[in-house]
Amino acid sequence: MSDTDLPFLPFALPDITDAEIAAVTEALRSGWVTTGPRARAFEQAFTDYLGGNGVHSIAVNSATAGLHLALEALGLGPGDEVIAPTLTFTATVEVVRYLGADPVLVDVDPVTLNIDPEAIRAAITPRTRAIMPVHYGGLACNMDAILAIVREHGLKVVEDAAHALPSTWQGTLVGQLQSDITVFSFYANKTITTGEGGMAVTRDPKLAERMRVMRLHGMNRDAFERFSSKTPAWYYEVVAPGFKYNLTDTAAALGLVQLQRLPQFVQRRQYLAQRYHAQLASLPLVLPATAPAGDVHAWHLYVVRLAPSACMGRDALIQALSDRGIGTSVHYVPLHHHPYWRDRYQLTPEQFPQADAAYQAMLSLPLFTAMQDAEQDRIIAALHELLG
Ligand SMILES: *Cc1c(COP(=O)(O)O)cnc(C)c1O
């Protein structure tokens, strides 16, 4: 059988079993489909997963919503600047614009592809209010360096942890570090999924309360609280013009099962990443940085870069893999290439030499827990055939 007769191997697929289907079915049959007991249980399970320690978990219908709530709770507004990497998804910084503030994009470290602490320092102005590190691909940023800058300049930190469940920095789980708010994503291709969903995490009870209220129309009681409490169900007070960012119980039911399966997901991702590492080492590829000894890499993405000595360019390799029925992706077209960010802030590739060089050479290989070893073998064989 030739490669073209094989079924298309997608870049990513969710890992949904009968357990998730049963949990969602039960939620649907319960009669309570919007935010309720399952969303609460999911928040509690998430806090427990992170090890408690005073953490508040606030379930939302996307990480984008969580990032918006985070910056809103911190009081960001027009005139404020937020420093973020250019090598990220637009969601990281679109939320800065929602509030009328300005993102200041900076370059990344050429080895880790995480935000470069020296670039952060160079970008600080009297208007800087916050830093948004992104744990690229699931490898934690150098949080010691970032938190040192934050303390020195009196700034806030909101971690975009969309890739970082679970990642650790010097043995501490992302979500338990000394930042203000951390936001995880449960989008379809993330390390656990609720279809769409996210979780904002903070140890500050005031920030937690503000995010809870703003998550649901600025009301001081959600529907389930009103339904289940002794004060009249019809009474609530609107204290701010909030948003509609709550997570449904059907989504939370899915999330509860996925979170239980996370330890086995992590193992599978680590196993697949190690196989790529071992079997691609001889090819003209720059393989992704691994976590320092003792730390956990979530391996949301496996991003390789073509070495200058490779016989073909990135675009040709993506096409050749696609011709062999293998899906790949690119993370990311840096924000400074997108018309909105480029034009609004007059950005040029020369301002971001590391992110730009990485972008020209990079592609993300399939890495998902439902991928079979034989499917990964097909990818590895195709890369050897094309680049070896
Ligand atoms: C997926 C992702 C987001 C957005 O997550 P949603 O849950 O889809 O809103 C934000 N930042 C990064 C880096 C992401 O990869």
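Ligands are counted one by one from 1 in listed order, and the atoms in each one are counted from 1 as well.
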- Message: Any salt bridge linking R127 with D80? Criterion: basic side-chain nitrogen under 4.0 Å from a carboxylate oxygen.
- Response: no

- Query: Between R268 and D373, is the closest basic N to carboxylate O distance under 4.0 Å?
  - Reply: yes

- Message: If you compare all heavy atoms of Y302 against all heavy atoms of L367, which two are closest, and at what distance to 0.1 Å?
- Response: CB-CD2, 3.9 Å

- Item | Residues R129, E81: salt bridge by 4.0 Å N-O rule | no

Tabulated below should be the N or O atoms of ligand 1 paired with protein N or O atoms at under 3.5 Å; can you produce that?
{"unit_1": "ligand 1", "atom_1": "5 (O)", "unit_2": "S185", "atom_2": "OG", "d": "3.2"}
{"unit_1": "ligand 1", "atom_1": "7 (O)", "unit_2": "A63", "atom_2": "N", "d": "2.8"}
{"unit_1": "ligand 1", "atom_1": "7 (O)", "unit_2": "S185", "atom_2": "OG", "d": "2.7"}
{"unit_1": "ligand 1", "atom_1": "9 (O)", "unit_2": "A63", "atom_2": "N", "d": "3.3"}
{"unit_1": "ligand 1", "atom_1": "9 (O)", "unit_2": "T64", "atom_2": "N", "d": "2.9"}
{"unit_1": "ligand 1", "atom_1": "9 (O)", "unit_2": "T64", "atom_2": "OG1", "d": "2.5"}
{"unit_1": "ligand 1", "atom_1": "11 (N)", "unit_2": "D160", "atom_2": "OD1", "d": "3.4"}
{"unit_1": "ligand 1", "atom_1": "11 (N)", "unit_2": "D160", "atom_2": "OD2", "d": "2.7"}
{"unit_1": "ligand 1", "atom_1": "15 (O)", "unit_2": "H163", "atom_2": "NE2", "d": "2.7"}
{"unit_1": "ligand 1", "atom_1": "15 (O)", "unit_2": "K190", "atom_2": "NZ", "d": "3.1"}
{"unit_1": "ligand 1", "atom_1": "15 (O)", "unit_2": "Y332", "atom_2": "OH", "d": "3.1"}

- List, by chain and then residue number, the residues other than I21 in its hydrophobic cluster (Ile/Leu/Val/Met/Phe/Trp/Tyr, side-chain heavy atoms under 4.5 Å); write none if there are no others. I16, V24, L28, V33, L254

- Task: Could you tell me whether D180 and R203 make a salt bridge, using a distance below 4.0 angstrom between a side-chain N and a carboxylate O?
- Result: no

